[in-house]
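Shown next, in structure tokens, is the structure this report addresses.
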Amino acid sequence: MSVLERFRLDGQAAIVTGGNRGIGKAIATGLAEAGADVVIANRTLESGEEAAAEIEAETGANAIAVETDVSDEAAVEALVERTVEAFGSVDVLVNNAGIAIHGDAEEKSLEEWDQTLEINLTGAFLCSKHAGRVMIDDGGGSIVNVTSMSAFIANYPQKHVDYQASKGGLEAFSRQLASEWAEHGIRVNNIAPGYVATEILVDDQEMIDTWKSEMLLDELASPEDIAPLAVYLASDASSYVTGASVAIDGGYMVR
Ligand code: NDP
């Protein structure tokens, strides 16, 4: 098989949480371009359906949307059931859904802390658990978690201890899961982006200029800069890669 053929995902079913916009949409589009049937899982069905329709039109692959709150176990179970019903399996899971709530640690409410952990970390656990059961029965699969360079460094000048904790936890979770599920043929890897121009970032030019001053490549990433690594990690191109975390941060962490 040629190198490029190893990136193909024809006949495979991929769930992308938060696939309706931003990084998740770019990843879902990339997986569809590689031939996968794609399931967009986010909280607002309308935006998920719009993204699915755009992806189908752009790539010719099959794409559906399933309204899902990743922190709700019953909804996640229904997402996995719907995926199997529509496409016969779950071969790829991309845990991408996430939120960030800025605020001083000494003022942060328990509610904000819990919400961030429930979506960013518990959500990835729940999706992995239910998609993983199908992958185990089918003899394997690939899980890609969108963590963050925030798992490895302190962010500045914004403040969000809960976000940092959720992404650090997701990095550790992935390594352990990679170890536990290697025997089932399931690979688990992380993408750790730096600053990517999406809705999750605050619209504050001074803050953005501070971040840019710390990067080697001077510009924020675009979601499309993240997607190729997701296709690599999802596909057989990375068949010997598991338990790894790859940063796409424009060299931010070098300094
Ligand atoms: P966006 O805010 O554009 O996307 C966040 C996505 O998560 C949306 O699709 C949203 O859809 C979905 N989402 C949020 N909560 C839930 C939930 N409970 N259940 C299901 N889906 C949910 O930001 P990004 O594209 O930037 O973020 C994607 C991931 O990338 C996040 O995990 C983020 O932490 C990570 N990341 C982003 C960086 C950046 O600089 N942009 C840097 C490092 C990591 P909806 O609201 O409709 O549910």
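Note that ligands are numbered from 1 as they come in the structure, with each ligand's atoms numbered from 1 the same way. Keep in mind that this is a model prediction, so the values were computed, not measured.
Between D104 and K159 there is a salt bridge, since at least one side-chain N of the basic residue sits less than 4.0 Å from a carboxylate O of the acidic one. Ion pairing between a basic and an acidic side chain is recognised when a charged N comes within 4.0 Å of a carboxylate O; E219 and K212 show such pairing. Between R82 and E85 a salt bridge is recorded (basic side-chain N to carboxylate O distance below 4.0 Å). Under 4.0 Å is where a charged nitrogen must lie from a carboxylate oxygen, and between E171 and K167 no such pair does.
Counting the atoms of ligand 1 from 1 in the order shown, those under 4.0 Å from a heavy atom of Y195 are 40 (O). Atom numbering of ligand 1 starts at 1 in the shown order; those under 4.0 Å from a heavy atom of I200 are 2 (O), 23 (O), 26 (O), 33 (C), 34 (O), 39 (C), 41 (N). Proximity to L201 (heavy-atom distance under 4.0 Å) selects the following atoms of ligand 1: 40 (O). Using a 4.0 Å cut-off to heavy atoms of N96, the atoms of ligand 1 that qualify are 28 (C), 29 (C), 30 (O), 31 (C), 32 (O). Listed by number with element, the atoms of ligand 1 under 4.0 Å from a non-hydrogen atom of D69 are 17 (C), 18 (N), 19 (N). Atom numbering of ligand 1 starts at 1 in the shown order; those under 4.0 Å from a heavy atom of T68 are 19 (N), 20 (C). The E199 neighbourhood of ligand 1 comprises atoms 3 (O), with distances under 4.0 Å to a heavy atom of that residue. Residue-ligand proximity, G18 to ligand 1, at heavy-atom distances under 4.0 Å covers atoms 6 (C), 7 (O), 9 (O), 12 (C).
Not one N or O on the side chain of K25 forms a donor-acceptor pair closer than 3.5 Å with the backbone of P223. Side-chain atoms of N96 do not come within 3.5 Å of backbone N or O of V16 as any donor-acceptor pair. D249 contributes a side-chain N or O that, together with a main-chain N or O of G251, makes up a donor-acceptor pair within less than 3.5 Å. A donor-acceptor pair is defined here as one N or O able to donate and one able to accept, closer than 3.5 Å; such a pair exists between the side chain of E56 and the backbone of A63. Checking side-chain atoms of S166 against main-chain N and O of T116 turns up no donor-acceptor pair under 3.5 Å. Judged by distance alone, the side chain of T147 and the main-chain N or O of I191 form a donor-acceptor pair under 3.5 Å. At distances below 3.5 Å, at least one donor-acceptor pair connects side-chain atoms of D225 with backbone N or O atoms of S222. Of the possible polar contacts, one joining the N120 side chain to the I99 backbone as a donor-acceptor pair under 3.5 Å is found.
Inclusion of T44 in the set of residues having an N or O under 3.5 Å from an N or O of ligand 1 is warranted. At least one N or O atom of N20 sits closer than 3.5 Å to an N or O atom of ligand 1. The N/O atoms of I119, backbone and side chain alike, include none that comes under 3.5 Å of an N/O atom in ligand 1. The shortest N or O to N or O distance between G22 and ligand 1 is not below 3.5 Å. Polar contact with ligand 1: present for I23 (N/O pair, distance under 3.5 Å). Any N or O atom pair closer than 3.5 Å counts here, and P193 shares no such pair with ligand 1. Inclusion of S148 in the set of residues having an N or O under 3.5 Å from an N or O of ligand 1 is not warranted.
Scanning the protein for heavy atoms near atom 34 (O) of ligand 1, the closest one is Y163 OH, 2.6 Å. Protein heavy atom in closest approach to atom 42 (C) of ligand 1: G194 O, 2.8 Å. From the protein, the heavy atom lying nearest to atom 14 (C) of ligand 1 is R43 NH2, 3.3 Å. For atom 19 (N) of ligand 1, the closest non-hydrogen atom of the protein is V70 N, 3.0 Å. Looking only at heavy atoms of the protein, atom 5 (C) of ligand 1 is closest to G98 O, 3.6 Å. Of the protein's non-hydrogen atoms, T147 O, 3.2 Å is the one closest to atom 44 (C) of ligand 1. When only non-hydrogen protein atoms are considered, atom 21 (N) of ligand 1 lies nearest to A97 CB, 3.4 Å. Nearest protein neighbour of atom 2 (O) of ligand 1, counting heavy atoms only, is R21 NH2, 3.0 Å.
At least one heavy atom of K167 sits closer than 4.0 Å to an atom of ligand 1. The shell of residues lying under 4.0 angstrom from ligand 1, judged by heavy atoms, excludes I226.
Ring planes of F7 and Y232: tilted class, angle from 30 to 60°.
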Verdict with supporting geometry, D204 and Q158, side-chain contact (heavy atoms from CB on, under 4.5 Å): CA-CA 10 Å; D204 178 331; Q158 73 274 34; over 6 Å; no
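Contact record, L9 with A234: CD2-O, 4.0 Å, taken as the closest heavy-atom pair.
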